[in-house]
*Asks:* 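Starting off with a structure, shown below.
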Amino acid sequence: MNTTPDIPNTFLSPYNHEENEKKIYTLWEESGFFNPDNLPGERKKAYTIIMPPPNANGSLHAGHALFVTLEDMMARYQRMRGKKALWVPGADHAGFETQVVYEKKLAKEKRSRFDMSREELYSEILAFTKENKSHMERQLRSLGASCDWSRMLFTLDDRVKEQVYATFAQLEKDGLLYRSLRSVHWCPKHQTGFSDLELEHVERKDPFYYLQYGPFVIGTVRPETKFSDKYVVVHPDDERYKAYKHGQKISINWINGTVEATVIKDEAGDPEKGTGAMTITPWHSKIDWEIAQRHNLEVEQIIDERGKLLPIAGEFAGMKSMDARGKIVEKMGKMGLIVRIDKEYTHAVSVCYKCGKEIEPQLKKQWFIKMKPLAEQAITAINNKEVVFVTERHRRVALHWLSQIQDWNISRQIVWGIPIPAKICTQCDHGMVDIENTITQCTKCGGAVEQDPDTFDTWFSSGQWPFITLGYPDGKEYDTFYPTDMMETGNDILFFWVVRMILLGLYRTGKAPFKEVYLHGLVRDSKGEKMSKSKGNVIDPTEVAKEYGTDAMRMAYIVGNVPGEHINFSLDKIRGYKKFANKVWNIGRFILTETNGCVYTNAITKQDKEHKNSFDTLLQEITDDMEQHRYHLAAEKIYQYTWHTFADNIIEESKKIFSDSSADIKQSRQSLLLYLYANSLKALHPFMPFITETIWQHIPEGAYKTQKLLIVEKW
RNA sequence: GGGCGAUUAGCUCAGUUGGCUAGAGCGUCUGGUUUACACCCAGAAGGUCGCAGGUUCGAGCCCUGCAUCGCCCACCA
């Protein structure tokens with residue numbers, strides 16, 4: 001082989017990704033180019049992506065690697081296009097999520113959060129989170145993330161809290177915040193309330209009981225909640241119950257003795273369902289609570305926060321509601337209160353999205369945000385294309401959700417999070433927003449106050465992430481980079497996060513926080529199945545990258561990844577792109593050998609001109625694909641070209657030329673090869689940054705190389 | 001109860017505004033150590049593009065209906 005001083009011994013086949021990736025990342029980091037302030041040349045337009053801050057409670061998984069790949073690709077492309085490209089990294093304390101992870105850890109150590117003080121628990125989780133955070137940052141680096149570490153932000157940093165508190169205060173000022181007794185979704189295992197989104201609905205078959213309630217027959221799946229039912233609701237127009245007047249009282253023989261029942265006529269009574277009559281349990285049902293409020297009815301708690309029956313249940317007190325059901329039914333049967341039982345009644349049950357246990361609605365005083373006015377702004381912004389969804393269907397889904405939005409419960413009964421800056425009266429339970437921590441007595445009754453023990457729903461703070469990371473309300477930073485250009489994240493958090501950012505961003509800054517939304521799907525295993533620990537099909541991206549190279553893994557994430565659709569994580573696919581990486585490498589070995597010391601020329605042969613033209617046409621097509629977010633096509637095209645046109649045809653053809661042809665034809669071909677190779681490397685760079693940059697370091701500066709680092713070459 | 005997505009080679013998936021002789025990776029078969037690369041090269045087999053209608057000069061792509069799988073939303077009488 002015709003080795004030259006330009007091709008050191010390290011430039012040997014096969015390509016060694018492990019050796020080069022670390023070196024190259026250090027090179028980039030030291031260049032300072034991840035920070036847009038340091039980028040060379042005149043750059044007028046900014047291009048900003050805010051990274052969805054990964055939860056600092058474990059290792060990065062395949063889904064993280066996917067978003068890192070996509071966002072890094074976007075940032076690199078725009079950087080090469082001459083933009084002031086900024087990609088802001090972050091880490092999320094991930095309130096409830098992290099606390100659950102930590103509780104599992106505690107359980108393994110045979111400890112429980114309920115045996116610890118709040119302070120103890122908080123500081124232990126903080127230490128745990130910090131450790132994970134730095135691990136996570138190392139992982140991001142190994143994936144090639146060209147994010148600006150100097151702007152790294154953690155969701156519990158002071159700057160974040162400050163703005164979250166400001167939003168909270170503003171909401172109160174604008175009359176969009178209230179604290180009141182409302183039905184909340186309560187998880188008896190995790191001991192906290194949830195918003196509507198943290199529920200899952202599962203279909204279940206349960207017996208459906210028809211119970212004799214005085215002269216009425218009522219239907220229920222949950223007889224164990226019925227102890228204190230003393231209101232029977234029918235529709236005002238229901239002919240069957242014409243004889244009964246609204247407010248009429250009837251004495252009824254019930255589970256634990258006689259109760260005085262009151263007839264309530266309300267539109268909520270559905271004549272079509274069951275017998276058209278129902279009793280209500282407002283403390284444990286949202287719809288019942290709404291009825292109770294309309295008629296100002298008394299309410300009573302039957303089941304406690306742990307899911308156990310209270311003393312009102314008499315002999316059943318202290319039993320778990322589900323355990324008690326059978327026994328209660330038995331007793332009612334003996335009392336002749338059971339009319340009939342339908343064995344197989346299919347209905348939807350709300351369960352905790354984390355543990356799958358049944359949600360027990362409870363009446364609680366919590367902080368709620370009035371969402372309607374915020375939603376209207378968001379709907380307008382989306383309709384005006386102030387925010388554009390790359391995947392049209394997600395726009396429709398988001399609009400639909402916004403159009404029927406419910407008030408948002410932002411209180412969580414957990415320790416790990418941003419404390420709600422409010423005082424609660426120990427006398428009258430009145431809640432007061434207190435950002436400055438100055439309130440010492442109740443503004444309503446003058447009673448003593450204490451700190452609200454709750455923390456914010458983590459999505460309340462992360463919903464404000466884009467403007468907080470960019471330093472709102474003041475500064476050049478905010479003016480330059482906000483609104484951001486692209487929000488790239490998983491389609492599973494469309495409502496949780498994306499829509500909330502639009503809502504809160506508009507509310508605080510008057511501007512939608514991003515111009516475009518690109519949602520990726522779930523990463524599945526090679527057979528298209530969801531990854532889960534229990535199935536044992538979880539793949540660790542860090543290990544994969546170590547074995548096959550980060551570049552190969554990134555290609556596998558991009559090619560065939562249609563926006564919004566799920567993607568399969570298949571080792572076969574990654575293996576294929578590892579081969580490709582090696583191909584790119586060997587093309588470099590050939591070309592650099594054959595062109596060593598050559599003189600660049602513009603006087604190229606007709607044949608070479610044709611090669612150049614068709615490549616330029618392809619490059620334009622690829623650029624269009626990039627602009628239109630068809631990254632999967634762009635990557636595949638440059639892959640196909642590089643291997644099957646450039647390597648298989650043009651290089652093979654060149655071998656003949658180099659052995660048979662005259663000097664000027666050779667020279668023309670040498671120039672062509674360098675041109676095609678340099679530009680292919682550029683086009684490949686956003687997808688395969690490490691290997692392209694490694695090779696770039698071997699390419700002599702000249703006609704087609706203007707920058708030392710490929711990362712800042714012009715696309 | 002409402003909405004959405006998927007259905008294309010043995011497997012996993014691409015296919016942009018309708019122009020296709022329907023592609024990729026892996027797998028299978030045949031031949032080949034040729035100036036980078038065996039992590040390679042040359043070639044081959046393999047498809048009624050879920051089903052049934054329709055629009056069109058032309059449909060994998062548009063329209064209607066159906067089927068199967070999956071997802072999301074919805075106040076559990």
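Keep in mind that the numbers below use all heavy atoms, side chains included, and drop hydrogens, waters and symmetry copies. By convention in this document, chain letters (A, B, ...) are assigned in the order of the sequence lines, proteins followed by strands, and residues within each chain are numbered from 1.
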*Asks:* Mind checking ring-ring contact (aromatic ring centres under 6.0 Å, His included) for Phe646(A) and listing every partner two or more places apart, or none if nothing turns up?
*Replies:*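 Not a single residue meets the ring-ring contact (aromatic ring centres under 6.0 Å, His included) criterion with Phe646(A).
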
*Asks:* Which whole number of Å gives the distance between the C1' atom of A9(B) and that of A22(B)?
*Replies:*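 Their C1' atoms lie roughly 10 Å apart.
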
*Asks:* Report the distance from atom CD of Gln406(A) to atom C1' of C75(B), rounded to the nearest whole Å.
*Replies:*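 Distance, rounded to whole Å: 9 Å.
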
*Asks:* Give every residue pair that meets the side chain to side chain donor-acceptor pair (under 3.5 Å) criterion with at least one member in residues 643-654 of chain A, sequence neighbours excluded.
*Replies:*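 Passing the test, one end in residues 643-654 of chain A: Gln607(A)-Glu653(A), His611(A)-Glu653(A), His644(A)-Asp648(A), Glu652(A)-Lys655(A), Glu653(A)-Arg669(A), Ser654(A)-Arg669(A).
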
*Asks:* Is the base of A36(B) touched by the side chain of Lys655(A) through a donor-acceptor pair closer than 3.5 angstrom?
*Replies:*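 Per atom types, the contact qualifies.
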
*Asks:* For the atom pair CD (Gln628(A)) and CG (Leu633(A)), what is the distance rounded to the nearest 0.5 Å?
*Replies:*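 Between Gln628(A) CD and Leu633(A) CG, I get 11.5 Å after rounding to 0.5 Å.
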
*Asks:* Distance check, P atoms only: A14(B) and A74(B), in whole angstrom units.
*Replies:*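 Between the two P atoms, the distance is 28 Å.
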
*Asks:* Distance check, P atoms only: C63(B) and G5(B), in whole angstrom units.
*Replies:*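 These two P atoms come out 11 Å apart once rounded.
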
*Asks:* Any side-chain N or O of Lys573(A) less than 4.0 Å from the OP1 or OP2 oxygen of C13(B)?
*Replies:*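 No.
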
*Asks:* Just to verify, what does Tyr209(A) make a side-chain hydrogen bond (donor to acceptor under 3.5 Å, both in side chains) with, not counting sequence neighbours?
*Replies:*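 Result, side-chain hydrogen bond (donor to acceptor under 3.5 Å, both in side chains) vs Tyr209(A): none returned.
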
*Asks:* When you measure from the side-chain N and O atoms of His632(A) to the phosphate of G15(B), is any distance below 4.0 Å, counting only OP1 and OP2?
*Replies:*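 Yes, within the criterion.
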
*Asks:* Between G23(B) and C49(B), how many Å separate the two C1' atoms, rounded to a whole number?
*Replies:*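 Their C1' atoms lie roughly 12 Å apart.
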
*Asks:* What contact category does Ala647(A) fall into here, base, sugar-phosphate, or nothing, at under 4.0 angstrom with non-hydrogen atoms?
*Replies:*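 If one applies the 4.0 Å heavy-atom cut-off, Ala647(A) turns out to touch a base.
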
*Asks:* Decide whether a cation-pi geometry holds between Arg340(A) and Tyr210(A); the criteria are a distance under 6.0 Å from NZ or CZ to the six-membered ring centre and an angle within 45° of the ring axis.
*Replies:*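 Yes, cation above the ring, under 6.0 Å and within 45°.
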
*Asks:* On a whole-Å scale, what distance lies between the C1' atoms belonging to U28(B) and G46(B)?
*Replies:*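 Going atom to atom, C1' in each nucleotide, I get 9 Å.
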
*Asks:* Taking the same atom, P, in U33(B) and in U48(B), what whole-Å distance lies between them?
*Replies:*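 Here U33(B) and U48(B) have their P atoms 37 Å from each other.
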
*Asks:* Work out how far the P atom of U8(B) is from that of G15(B), and round it to whole angstrom.
*Replies:*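 Approximately 14 Å lies between the P atom of U8(B) and that of G15(B).
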
*Asks:* Name the nucleic acid region contacted by Val562(A), choosing base, sugar-phosphate or nothing; use a 4.0 angstrom heavy-atom cut-off, strictly under.
*Replies:*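 Sugar-phosphate only.
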
*Asks:* Fill in the dot-bracket string of RNA chain B, one character per base: . for unpaired, | for a pair to another strand, ( ) or [ ] for pairs within the strand, taking Watson-Crick or G-U pairs under 3.5 Å.
*Replies:* (((((((..((((.....[...)))).(((((.......))))).....(((((..]....))))))))))))....

*Asks:* Just call it for Ser659(A): base, sugar-phosphate, or nothing, with non-hydrogen atoms closer than 4.0 Å on any strand.
*Replies:*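 Touches a base.
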
*Asks:* Under 4.0 angstrom, heavy atoms only, what part of the nucleic acid is Phe580(A) near: base, sugar-phosphate, or nothing?
*Replies:*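 No contact.
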
*Asks:* Sequence neighbours left out, what passes side-chain hydrogen bond (donor to acceptor under 3.5 Å, both in side chains) with Arg222(A)? Give chain and number order.
*Replies:*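 Listed in chain order: Glu224(A), Glu360(A).
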
*Asks:* Could you tell me how far C39(B) sits from C26(B) if I compare only their P atoms? Round to whole Å.
*Replies:*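 So the two P atoms sit 13 Å from each other.
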
*Asks:* Which side-chain N or O atoms in residues 268-276 of chain A pair as donor and acceptor under 3.5 Å with protein atoms at least two apart or in another chain?
*Replies:*
residue, atom, partner, partner atom, Å
Asp270(A), OD1, Glu272(A), N, 2.9
Thr275(A), OG1, Val217(A), O, 2.4
Thr275(A), OG1, Ala277(A), N, 3.4

*Asks:* Ignoring backbone atoms, establish whether Arg396(A) has a side-chain N or O less than 4.0 Å from OP1 or OP2 of G3(B).
*Replies:*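 Checking G3(B) against Arg396(A), no side-chain N or O comes under 4.0 Å of OP1 or OP2.
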
*Asks:* Using a heavy-atom cut-off of under 4.0 Å over every strand shown, decide if Ile359(A) touches base, sugar-phosphate, or nothing.
*Replies:*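 Ile359(A): base contact, heavy atoms under 4.0 Å.
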
*Asks:* So which pairs with a foot in residues 392-402 of chain A pass side chain to side chain donor-acceptor pair (under 3.5 Å), sequence neighbours left out?
*Replies:*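 Residue pairs passing side chain to side chain donor-acceptor pair (under 3.5 Å), neighbours aside: Thr391(A)-His394(A), Glu392(A)-Arg395(A), Arg393(A)-Glu565(A).
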
*Asks:* Please list each protein N or O that sits under 3.5 Å from an N or O in nucleotides 9-12 of chain B, with the distance.
*Replies:*
residue, atom, partner, partner atom, Å
U12(B), O3', Asn568(A), ND2, 2.4
U12(B), O2', Asn568(A), ND2, 3.1

*Asks:* Given that Lys226(A) and Asp660(A) both sit by RNA chain B, which one's nearest nucleotide is further toward the 5' end?
*Replies:*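 It is Asp660(A) whose nearest nucleotide is closer to the 5' end.
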
*Asks:* So Ile328(A) and Leu309(A), do their side chains get closer than 4.5 Å, heavy atoms only?
*Replies:*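 A side-chain contact under 4.5 Å exists here.
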
*Asks:* With sequence neighbours excluded, what pairs up with Leu337(A) under the side-chain contact (heavy atoms from CB on, under 4.5 Å) test?
*Replies:*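 side-chain contact (heavy atoms from CB on, under 4.5 Å) list for Leu337(A), sorted by chain: Trp254(A), Met332(A), Met335(A).
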
*Asks:* What's the OH-C1' distance between Tyr577(A) and C13(B), to the nearest Å?
*Replies:*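 From Tyr577(A) OH to C13(B) C1': 10 Å.
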
*Asks:* Nearest whole Å is fine: how far is G25(B) C1' from Asp572(A) CG?
*Replies:*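 Taking CG of Asp572(A) and C1' of G25(B), I get 8 Å after rounding.
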
*Asks:* Residues in side-chain contact (heavy atoms from CB on, under 4.5 Å) with Lys535(A), at least two apart?
*Replies:*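 Expected list: Glu529(A), Lys530(A), Ser532(A), Asn537(A).
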
*Asks:* Quick test: give all pairs of protein nitrogen or oxygen and nucleotides 68-73 of chain B nitrogen or oxygen below 3.5 Å, distance rounded to 0.1 Å.
*Replies:*
residue, atom, partner, partner atom, Å
C73(B), O2', Gln404(A), NE2, 3.4

*Asks:* With a 4.0 Å cut-off on heavy atoms, is Tyr345(A) in touch with a base, just the backbone sugar-phosphate, or nothing at all?
*Replies:*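 The residue Tyr345(A) makes sugar-phosphate contact but no base contact.
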
*Asks:* side-chain hydrogen bond (donor to acceptor under 3.5 Å, both in side chains), that's the test. Do Lys226(A) and Thr279(A) meet it? Break it down for me.
*Replies:* CA-CA 8 Å; Lys226(A) 298 276 159 203; Thr279(A) 62; 3.3 Å; yes

*Asks:* Need one value for Arg630(A): base, sugar-phosphate or nothing, where a base atom within 4.0 Å counts as base even if backbone is also close, heavy atoms only.
*Replies:*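 Arg630(A): base contact, heavy atoms under 4.0 Å.
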
*Asks:* Starting from P on A36(B), measure out to CG on Asn596(A) and report it in whole angstrom.
*Replies:*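 Going from CG in Asn596(A) over to P in A36(B) covers 16 Å.
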
*Asks:* Do Leu519(A) and Thr489(A) come close enough that some side-chain heavy atom pair is under 4.5 Å?
*Replies:*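 When only atoms from C-beta onward are counted, Thr489(A) and Leu519(A) do touch, with a gap below 4.5 Å.
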
*Asks:* Answer yes or no: side-chain N or O of Lys583(A) and base N or O of C37(B) forming a donor-acceptor pair under 3.5 Å.
*Replies:*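 Flag set: donor-acceptor pair detected.
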
*Asks:* List for me each residue that meets ring-ring contact (aromatic ring centres under 6.0 Å, His included) alongside Tyr548(A), sequence neighbours excluded, and say none if there are none.
*Replies:*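 Per chain and number, Tyr548(A) pairs via ring-ring contact (aromatic ring centres under 6.0 Å, His included) with no residue.
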
*Asks:* Expressed as a whole number of angstroms, how long is the span from Ile587(A):CD1 to U35(B):P?
*Replies:*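 Distance check: Ile587(A) CD1 to U35(B) P gives 18 Å.
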
*Asks:* Has the side chain of Lys637(A) got a donor or acceptor atom sitting under 3.5 Å from an opposite partner on the base of U16(B)?
*Replies:*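 It does, because a donor-acceptor pair links the side chain of Lys637(A) to the base of U16(B) below 3.5 Å.
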
*Asks:* Using whole Å, report how far OH of Tyr639(A) lies from P of G15(B).
*Replies:*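 That distance rounds to 17 Å.
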
*Asks:* For residues Tyr241(A) and Lys265(A), report the shortest heavy-atom separation together with the two atoms involved.
*Replies:*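 For Tyr241(A) and Lys265(A), the tightest heavy-atom pair comes out as O-NZ, 3.2 Å.
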
*Asks:* Does Leu633(A) reach a base, just sugar-phosphate, or nothing at all? Heavy atoms under 4.0 Å.
*Replies:*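 Result for Leu633(A) = base.
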
*Asks:* Between Glu565(A) (CD) and G5(B) (P), how many Å, whole number?
*Replies:*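 My rounded result for the distance is 9 Å.
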
*Asks:* Look at all strands and tell whether Asp648(A) reaches a base, only sugar-phosphate, or nothing, counting heavy atoms closer than 4.0 Å.
*Replies:*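 Sugar-phosphate only.
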
*Asks:* Any side-chain N or O of Trp643(A) under 4.0 Å from OP1/OP2 of C37(B)?
*Replies:*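 No, outside the criterion.
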
*Asks:* What is the distance, rounded to the nearest whole Å, between atom OH of Tyr548(A) and atom C1' of C26(B)?
*Replies:*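 Distance check: Tyr548(A) OH to C26(B) C1' gives 12 Å.
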
*Asks:* Any N or O donor-acceptor pair under 3.5 Å from the base of A36(B) to the side chain of Glu652(A)?
*Replies:*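 Answer yes: a donor N or O sits under 3.5 Å from an acceptor.
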
